[in-house]
Amino acid sequence: NITLDFSSDVDILNYAYALEQLEAAFYTQVVAAPTFASIFAANEQRILVDLRDHEVAHREFFEAALGSARIPDLT
């Protein structure tokens, strides 16, 4: 159990990191779904893959910026 009180920049960055973890996980699951290609048109697939890649990059940015001060990965 983790408590962020937002009294420090590290807590605020960790909150953003948590959100990016969730967003990256969401788009990763969408793109990995077995029905992905049959549900979405080609242009929509490109957009969703691009969104996934951006969210993963954001997550990795916060992970690197926070270093050892980051919260554990969400599951």
Side-chain angles (χ1 to χ4, degrees):
N1 192 12
I2 297 169
T3 301
L4 301 173
D5 63 15
F6 302 103
S7 63
S8 71
D9 290 343
V10 170
D11 283 353
I12 294 167
L13 290 173
N14 268 309
Y15 179 70
Y17 176 54
L19 293 175
E20 294 300 341
Q21 286 186 63
L22 294 172
E23 292 167 354
F26 173 79
Y27 287 108
T28 297
Q29 288 184 5
V30 168
V31 171
T35 55
F36 178 68
S38 63
I39 292 176
F40 299 103
N43 63 324
E44 294 169 326
Q45 290 177 39
R46 286 190 299 274
I47 291 168
L48 289 165
V49 168
D50 191 42
L51 284 167
R52 180 210 50 203
D53 294 347
H54 278 88
E55 295 307 333
V56 167
H58 297 162
R59 181 194 65 207
E60 290 174 355
F61 168 80
F62 281 106
E63 186 176 314
L66 286 160
S68 63
R70 74 179 188 268
I71 60 173
D73 291 343
L74 302 178
T75 56

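Values below: all heavy atoms of this structure, side chains included; hydrogens, waters and symmetry mates excluded.
- Distance check, rounded to the nearest 0.5 Å: CG of Asp5 to CD1 of Ile12 gives 9.5 Å.
- Residues Phe40 and Phe26 share a hydrophobic cluster, clusters being chains of Ile/Leu/Val/Met/Phe/Trp/Tyr side chains in contact below 4.5 Å.
- Taken from CD in Gln45 to CG in Asp50, the straight-line distance is 13.5 Å, to the nearest 0.5 Å.
- Note: the hydrophobic cluster containing Ile39 also contains Leu51 (ILVMFWY, side chain heavy atoms under 4.5 Å, direct or indirect links).
- Cluster membership check: Phe6 shares its hydrophobic cluster with Leu66, using side-chain heavy-atom separations under 4.5 Å among Ile, Leu, Val, Met, Phe, Trp and Tyr.
- Interatomic distance, CD of Gln21 versus CG of Asn14, reported as 9.0 Å (0.5 Å rounding).
- Side-chain contact check for Val56 versus Arg59: some heavy-atom pair is nearer than 4.5 Å.
- Rounding to the nearest 0.5 Å places OG1 of Thr28 at 11.5 Å from CG of Leu48.
- Contact detail for Tyr17 and Asp73: the closest heavy-atom pair is OH-OD1, 2.8 Å.
- Here the straight-line distance linking atom NE2 of His58 with atom CG of Asp53 works out to 10.5 Å at 0.5 Å rounding.
- Phe62 and Leu22 are assigned to two separate hydrophobic clusters, defined by single-linkage of ILVMFWY side chains at heavy-atom distances under 4.5 Å.
- Rounding to the nearest 0.5 angstrom, the gap separating the CG atom in Asn43 from the CZ atom in Arg46 is 5.5 Å.
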- Going through the distances and angles, do Tyr15 and Asp11 end up as a side chain to side chain contact (heavy atoms under 4.5 Å, CB included)? CA-CA 6 Å; Tyr15 179 70; Asp11 283 353; over 6 Å; no
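- Scanning both residues, Leu74 and Ala18, for their nearest heavy atoms gives CD1-O, 3.6 Å.
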